[in-house]
Amino acid sequence: MKWEVIFQPNNLALYGEGILTTLALLFSSLAIGAVLALLFALALTGRSAVLRAVVGAYTYVVRGTPLLIQVYLIYYGLGQLEWIQARWDDIWPWTYFKEPFFCALLAFSLNTAGYTAEMLAGAIRETSAGEIEAAQAYGMGPWRTTWRVVLPSALRRSLPAYSNEVVMMLQSTSLASAVPSLIDVTSAASRVYSKFYLPFEAFLFAAGIYLLATFMLVGVFRLAERHFLAYLAPQKA
Amino acid sequence: MHAYYLSILQASLVTIAVSLASLAVAVVFGLLGAAARLSQDRLASAVGTLYATVVRGIPDLVMMLLVFYGGTMGLNHLMEALGRKDSVDINPFVAGVLTLGFIYGAYMTETFRGAILAIPRGQAEAAWAFGMGRRQTFLRITAPQMVRYALPGFTNNWLVLIKSTALVSLIGLQEMTYIAKQASAATRSPFEFFLFTAALFLLFTSASLWVLRRLDARYSLGTRRVSL
């Protein structure tokens with residue numbers, strides 16, 4: 001093992017750049033995905049049958065196909081469409097489709113939105129009838145009930161499942177390395193590997209980075225659960 | 001153009017083969033892992049816990065590159081040490097199956113462990129009282145009920161596993177995704193080919209869901225369903 005190669009300044013810098021890209025992809029796709037997921041979840045549990053069917057079909061397709069293919073569809077596929085080709089040289093916002101970071105971000109956001117929406121919709125459906133009846137008894141309308149009673153409780157209850165989704169998303173960002181010219185942790189490792197022919201050192205170091213990030217995320221969620229789900233914890237005598 | 005669609009269809013058999021072979025490996029690793037985690041032996045349970053935790057914290061792709069490139073190099077060093085001059089290449093199919101099996105074995109470990117814990121302890125005790133040995137208790141009492149409790153988690157793991165096989169294309173296995181990418185590069189019409197591949201994946205996941213739901217109904221016979 002030649003670990004000293006990994007710790008050469010320029011290789012460490014490459015991994016550092018990778019960490020920044022990975023984290024940027026992770027947090028921005030989670031943020032965009034969360035907003036979309038909230039809207040989708042409301043549609044999935046709403047009254048409109050058309051919206052339910054459309055969003056339901058969307059989450060079914062997103063959750064039933066590999067993320068790698070979704071990335072390819074957006075990165076390689078959309079560029080083929082003449083409609084986009086005619087615009088992506090100078091018309092905003094289509095110019096973004098030429099950027100690898102944007103394509104990866106779009107694929108990841110749409111993907112996590114699909115998974116998170118189903119999870120949230122499940123939590124909304126499981127809201128106990130008593131909570132909703134109590135809100136109605138106070139004279140709240142459907143929107144106010146959703147905003148003040150259903151969502152605060154459903155969002156809290158979906159925290160444990162969401163922490164799984166966040167960890168899965170962290171690992172999914174490694175697919176960014178399938179997009180040329182994007183340097184995330186995995187492609188940094190691939191570059192170090194092909195330059196020095198040191199597969200164990202290069203990929204184990206990357207694995208260590210992901211493992212550390214996973215443990216940190218899990219730790220943060222554990223704290224968040226203790227705070228936001230305190231009311232569901234067993235009562236102390 | 002049509003020839004490419006045919007090649008993708010043919011490659012879908014490779015996808016199915018990789019998925020099923022990985023599943024078999026994963027089930028073996030999962031049973032071993034669950035047995036280790038539930039064992040009285042401290043070392044075994046520590047190893048089982050370490051396996052389940054560490055593997056689930058590393059991306060599939062990184063693990064696959066590690067096994068494929070690292071394994072090739074390790075094998076070549078071994079051959080050199082043995083005094084052989086020819087170099088070996090790891091088959092991407094084997095590397096993919098071993099890696100996916102090892103990774104999803106960690107997820108299966110958790111599923112199987114939960115399933116075993118869900119079976120009331122009295123059942124095993126009753127089996128012992130009837131004079132059954134450990135193996136007989138496992139085969140006749142624990143295993144059939146484990147299937148019922150493990151099926152939902154198993155279904156989930158299987159669906160994720162099928163989708164993960166797309167990653168094996170990145171180490172050069174010529175399954176659907178790989179062929180679709182080649183076809184896209186050759187014809188400059190990636191959209192159709194990736195969409196076609198996505199549709200095939202959707203078909204596989206939907207068919208699996210259908211089969212596993214029927215199995216679930218079969219194994220839940222005789223359980224009471226209570227609804228509010």
Side-chain angles (χ1 to χ4, degrees), chain A residues 22 60-81 84 111 128-129 164 167-178 184-187 189-190 193-194 197-218, chain B residues 15 53-74 77 103 156 159-170 175-178 180-181 184-185 187-209 228:
Chain A
T22 293
Y60 190 77
V61 170
V62 163
R63 296 186 307 153
T65 53
L67 177 57
L68 181 63
I69 299 211
Q70 295 166 13
V71 171
Y72 282 164
L73 260 176
I74 291 179
Y75 184 69
Y76 295 111
L78 288 185
Q80 176 207 339
L81 302 181
I84 288 190
N111 184 270
S128 68
N164 273 336
V167 170
M168 290 304 257
M169 212 47 224
L170 166 70
Q171 309 199 1
S172 299
T173 56
S174 68
L175 294 189
S177 63
D184 72 320
V185 175
T186 308
S187 45
S190 291
Y193 157 68
S194 53
Y197 198 51
L198 293 172
F200 288 108
E201 293 84 345
F203 292 117
L204 279 177
F205 193 67
I209 295 174
Y210 283 110
L211 207 57
L212 196 69
T214 304
F215 287 148
M216 289 198 314
L217 286 174
V218 169
Chain B
T15 298
T53 324
V54 169
V55 169
R56 292 186 302 159
I58 299 172
D60 299 6
L61 180 58
V62 174
M63 198 80 116
M64 211 171 282
L65 296 172
L66 183 66
V67 169
F68 185 65
Y69 294 121
T72 308
M73 193 164 157
H77 278 315
I103 295 169
N156 240 339
L159 294 177
V160 182
L161 193 160
I162 299 184
K163 290 180 274 167
S164 285
T165 60
L167 297 185
V168 189
S169 67
L170 295 175
E175 47 70 76
M176 294 199 283
T177 320
Y178 187 93
K181 205 169 170 221
S184 314
T187 59
R188 296 179 172 236
S189 48
F191 204 72
E192 289 99 301
F193 291 117
F194 288 131
L195 217 52
F196 182 64
T197 313
L200 285 177
F201 268 111
L202 199 60
L203 186 73
F204 292 159
T205 47
S206 306
S208 317
L209 253 180
L228 292 172

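The chains referred to below are lettered A, B, ... by the order of the sequence lines, with proteins before strands, and numbering in each begins at 1.
Of the two parts of A/A189, neither the backbone nor the side chain holds a non-hydrogen atom closer than 4.5 Å to a non-hydrogen atom of chain B. Contact of B/L195 with chain A is made through backbone and side chain together, with heavy-atom distances under 4.5 Å. Residue contact with chain B, scored on non-hydrogen atoms closer than 4.5 Å, involves the side chain of A/L68 exclusively. If you measure heavy-atom distances from B/L66 to chain A, the contacts under 4.5 Å come from both the backbone and the side chain. Contacts of A/L204 with chain B are made by both backbone and side-chain atoms, with heavy-atom separations under 4.5 Å. For A/L78, the parts lying near chain B are the backbone and the side chain together; criterion is any non-hydrogen pair under 4.5 Å. At a 4.5 Å heavy-atom cutoff, the contact between A/Y60 and chain B is made by backbone and side-chain atoms alike. Neither the backbone nor the side chain of B/S208 comes within contact range of chain A; no heavy atom of the residue lies under 4.5 Å from a heavy atom of that chain. Heavy-atom distances place no part of A/S172 under 4.5 Å from chain B, backbone and side chain included.
The minimum heavy-atom distance linking B/I58 with A/Q171 is given by the pair O-OE1, 3.2 Å. Between B/L65 and A/S190, the shortest heavy-atom distance links the atoms CD1-OG, 4.0 Å. A/P66 and B/K163 get closest at one heavy-atom pair: CB-O, 3.4 Å. Pairing each heavy atom of B/A198 with each of A/I69, the nearest pair is CB-CG2, 3.9 Å. Among all heavy-atom pairs drawn from A/G64 and B/T205, the shortest one is O-OG1, 3.2 Å. The minimum heavy-atom distance between B/G70 and A/P199, with the atom names listed, is N-CB, 3.5 Å.
Shown here are the side-chain contact (heavy atoms from CB on, under 4.5 Å) partners of A/M216, two or more places apart in sequence or in another chain: there are none. Here A/F203 pairs with A/Y193 under the ring-ring contact (aromatic ring centres under 6.0 Å, His included) rule; sequence neighbours left out.
Ranked by heavy-atom pairs under 4.5 Å with chain A, the first of B/T177, B/L202, B/L209 is B/L202. Considering only heavy-atom pairs separated by less than 4.5 Å from chain B, the leading option among A/F200, A/Y72, A/F215 is A/Y72. Heavy-atom pairs under 4.5 Å with chain B were tallied for A/L67, A/L175, A/V167; the largest tally goes to A/L175. The residue among B/R188, B/K181, B/R56, B/M63 with the most heavy atom pairs within less than 4.5 Å of chain A is B/K181.
Counting only heavy atoms from C-beta outward, the side chains of B/F194 and A/Q70 never approach each other to under 4.5 Å. Counting heavy atoms from C-beta outward, B/L61 and A/S177 have side chains that approach closer than 4.5 Å. A/T65 has its side chain out of reach of B/T197: every pair of non-hydrogen atoms, C-beta onward, lies at least 4.5 Å apart. Under the 4.5 Å side-chain criterion, counting only non-hydrogen atoms from C-beta, B/S184 is not in contact with A/Y76.
Expressed to the nearest 0.5 Å, how far CG of A/L198 lies from OH of B/Y69 amounts to 14.5 Å.
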